Amino acid sequence: MQPHTASTLACSSLTKAANPSMADRYFPNEMPDFVEEEHEQASISQSTLHGLLRLPYPKLADKFLEAALDLKEKVVKRTWLRAGRQVRDFTLYTGALGTALLLFKAYRVTNSKSDLGLCGEIIRACDAASAGSSRHVTFICGRAGVCALGAVVAKHVGDDVLLRHYLNSFREIKLRDVPNELLYGKVGYLWACSFLNKHIGENTIPSTDMSAIANEIISDGKRLSNKSSCPLMYEWHGKKYWGAAHGLAGIMHVLMDMDLNPEDRKCIKTTLNYMIQHRFQSGNYPSSQGSESDRLVHWCHGAPGVAVTLTKAAQVFQDEQFLQAEEEAAAIVWRRGLLKRVGICHGISGNAYVFLSLYRHTRRVEYLYQAKAFACFLLDKANQLIEDGTMHTGDRPYSLFEGQAGMAYLFFDMIEPSESRFPAYEL
């Protein structure tokens, strides 16, 4: 299966899966709303979920690190070594580049040179596999991700020749006939540009080049909106999606990093206001314009992806309404976000980042607790639930966005939650 097809099915199939009961999609959240940490070690049972929640954070961080390292080794074995060090799917979403990003994350946490070296080896194989790919232009599902991550890793290794190779290859990517969204479109390419500018150096990709693409995206949004009450609107495969993967939340998220004129910034702000005003009564968000199905609570479709975007909006626009809306979105994630999947895109791991994002923004300990609770649920129960067949690990069970590599990435981020970032979404 080609990378584009695999990733498309991963997200779109979820919108078609009509379960008889909405609750069949998630586990009831029976965890306390808050648990104080206890520092009397002898009184704490570390073998239960509630025991984990009461552990002093440094002790819990050690457990996250141990689990992350074990999972990282399993992911490398399953996705790289058993594949004979060959790449069939080069994408970050379901393929080998996701393993490379996990290794880079491990390196940044532990400073392991062997992880950095293996990361570079995998990226070189992805580079060869993606050469000549013209349809796939984004960070998550395209060659832009290979070149951008390759350049950053080359910089860390100190290989200037390889750094120039990846930057030159990135600059050769052409945006021909691609949509506007994050996974496959212009916005996903712009995110890769911002990633390079953050990690290589300001203006590695000139802001004028990025602004020109952003202006095209905004013009397309205005044209499709046709002066409706939502100033920007976008379409992918015949639907006006709202979520992070294919729709408004993801597009607005990336556009907020661009150098835009005041009128276009106002369009972004008003679009986000429109989404808040037209959300479901539950606090969740529709997967697409006009949808009445309040089922999906995922990063790709629903409140989690919108919540992370609202976190950024609260910072960019310094407007309390966005903070209130993001907290209300987080509340629905707390109630319905313990999904029966492990991954980043549509699983518990991705939903935990809603609380991490809020914690970084507000520094309120209750949001750190909620992130910790979701991560501890995985730490305590995921292996058994997967073995029982109760929890689904995705069609690519060790991939970053569908499977256990995403859970490992979350565990690494839980070690220093103030430094956490949703992979390939938050800069």
Side-chain angles (χ1 to χ4, degrees), residues 61 64-65 68-69 71-73 75-77 79-81 85 87 90-93 95-131 138-140 142-173 188-206 210 257 344 360 399-401 405-406 408-427:
F64 283 133
L65 178 59
L69 292 172
L71 263 178
K72 182 255 301 180
E73 293 300 324
V75 168
V76 169
K77 182 177 180 180
T79 64
W80 181 242
L81 300 179
R85 301 175 185 266
V87 172
F90 63 80
T91 69
L92 190 89
Y93 192 101
L97 195 66
T99 301
L101 187 64
L102 176 62
L103 284 162
F104 186 59
K105 180 67 176 180
Y107 159 73
R108 297 186 76 183
V109 171
T110 67
N111 203 33
S112 167
K113 299 297 185 184
S114 62
D115 282 342
L116 185 64
L118 182 55
C119 173
E121 179 185 334
I122 294 173
I123 294 171
R124 287 191 292 275
C126 290
D127 182 29
S130 64
T138 68
F139 192 89
I140 296 176
R143 182 154 171 78
V146 176
C147 298
L149 184 58
V152 172
V153 170
K155 180 182 178 182
H156 277 267
V157 171
D159 189 332
D160 290 340
V161 173
L162 196 58
L163 172 60
R164 286 195 297 273
H165 162 74
Y166 284 124
L167 288 178
N168 289 337
S169 297
F170 186 91
R171 293 178 181 120
E172 290 171 359
I173 296 171
Y189 172 81
L190 281 180
W191 195 92
C193 294
S194 295
F195 179 83
L196 280 171
N197 285 344
K198 177 180 178 179
H199 293 284
I200 301 296
E202 189 177 349
N203 230 36
T204 299
I205 307 300
M210 295 168 65
D257 285 323
I344 292 286
R360 291 198 323 272
S399 65
L400 184 66
F401 266 66
Y409 201 102
L410 171 65
F411 289 164
F412 278 125
D413 260 337
M414 290 304 302
I415 296 162
E416 291 286 349
S418 61
E419 300 299 319
S420 65
R421 298 291 186 277
F422 192 110
Y425 197 55
E426 293 181 296
L427 283 167

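These numbers were taken from a predicted model, which means no experiment stands behind them. Throughout, residue positions are numbered sequentially from 1 according to the sequence presented.
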Can Arg171 and Thr204 be said to form a side chain to side chain contact (heavy atoms under 4.5 Å, CB included), step by step?
CA-CA 10 Å; Arg171 293 178 181 120; Thr204 299; 4.1 Å; yes
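- Between Ile415 and Ala61, the shortest heavy-atom distance links the atoms CG1-O, 3.9 Å.
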Which atom pairs, one a donor and one an acceptor, fall under 3.5 Å between side chains of residues 148-162 and the rest of the protein, sequence neighbours left out?
residue : atom : partner : partner atom : Å
Lys155  : NZ   : His199  : O            : 3.1
Lys155  : NZ   : Ile200  : O            : 3.2
Asp159  : OD1  : Val161  : N            : 3.2
Asp159  : OD1  : Leu162  : N            : 3.0

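- Rounding to the nearest 0.5 angstrom, the gap separating the CD1 atom in Ile205 from the CG atom in Leu167 is 6.5 Å.
- Taking SG of Cys126 as the start and CD of Glu121 as the end, the distance is 11.0 Å to the nearest 0.5 Å.
- Atom CG of residue Leu97 and atom CG of residue Leu103 lie 10.5 Å apart, to the nearest 0.5 angstrom.
- The shortest distance between side-chain heavy atoms of Thr91 and Phe401 does not fall below 4.5 Å.
- Among Phe412, Tyr409, Phe139, the single residue meeting the side-chain contact (heavy atoms from CB on, under 4.5 Å) criterion with Pro423 is Tyr409.
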So Phe90 and Asp127, side chain to side chain contact (heavy atoms under 4.5 Å, CB included) or not? Walk me through it.
CA-CA 8 Å; Phe90 63 80; Asp127 182 29; over 6 Å; no
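- Between Ala144 and Ala192 the shortest heavy-atom distance is CB-CB, 3.9 Å.
- Under a 3.5 Å cut-off, the side chain of Trp191 and the backbone N or O of Thr138 do not form any donor-acceptor pair.
- The CG atom of Leu118 sits 9.5 Å away from atom OG of Ser112, with the distance rounded to the nearest 0.5 Å.
- Each salt bridge (charged side-chain N to carboxylate O under 4.0 Å, His left out) pair with one or both residues in residues 408-427, not counting sequence neighbours, appears once here: Lys105-Asp413, Arg360-Glu426.
- Annotation for Lys198: atom NZ counts as buried by contact number, over 12 foreign heavy atoms lying within 6.0 Å.
- When every heavy atom of Ile344 is checked against every heavy atom of Leu400, the shortest pair comes out as CG1-O, 3.3 Å.
- For the salt bridge (charged side-chain N to carboxylate O under 4.0 Å, His left out) condition, the pairs that include at least one residue of residues 108-118, sequence neighbours left out, are Lys72-Asp115.
- When every heavy atom of Ala131 is checked against every heavy atom of Arg143, the shortest pair comes out as N-NH1, 3.8 Å.
- When all heavy atoms of Leu102 and Ala408 are compared, the pair lying nearest together is CD1-CB, 3.9 Å.
- Residues Tyr107 and Phe104 have side chains in contact (heavy-atom distance under 4.5 Å, counting atoms from C-beta outward).
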Tell me, with the steps shown, if Cys119 and Ile123 meet side chain to side chain contact (heavy atoms under 4.5 Å, CB included).
CA-CA 6 Å; Cys119 173; Ile123 294 171; 3.8 Å; yes
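- Ring centers of Phe170 and Tyr189: under 6.0 Å apart, within the cut-off.
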Steps toward side chain to side chain contact (heavy atoms under 4.5 Å, CB included) verdict (Leu65, Thr110)
CA-CA 9 Å; Leu65 178 59; Thr110 67; 4.2 Å; yes
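- Ala96 and Ile122 get closest at one heavy-atom pair: O-CG2, 3.5 Å.
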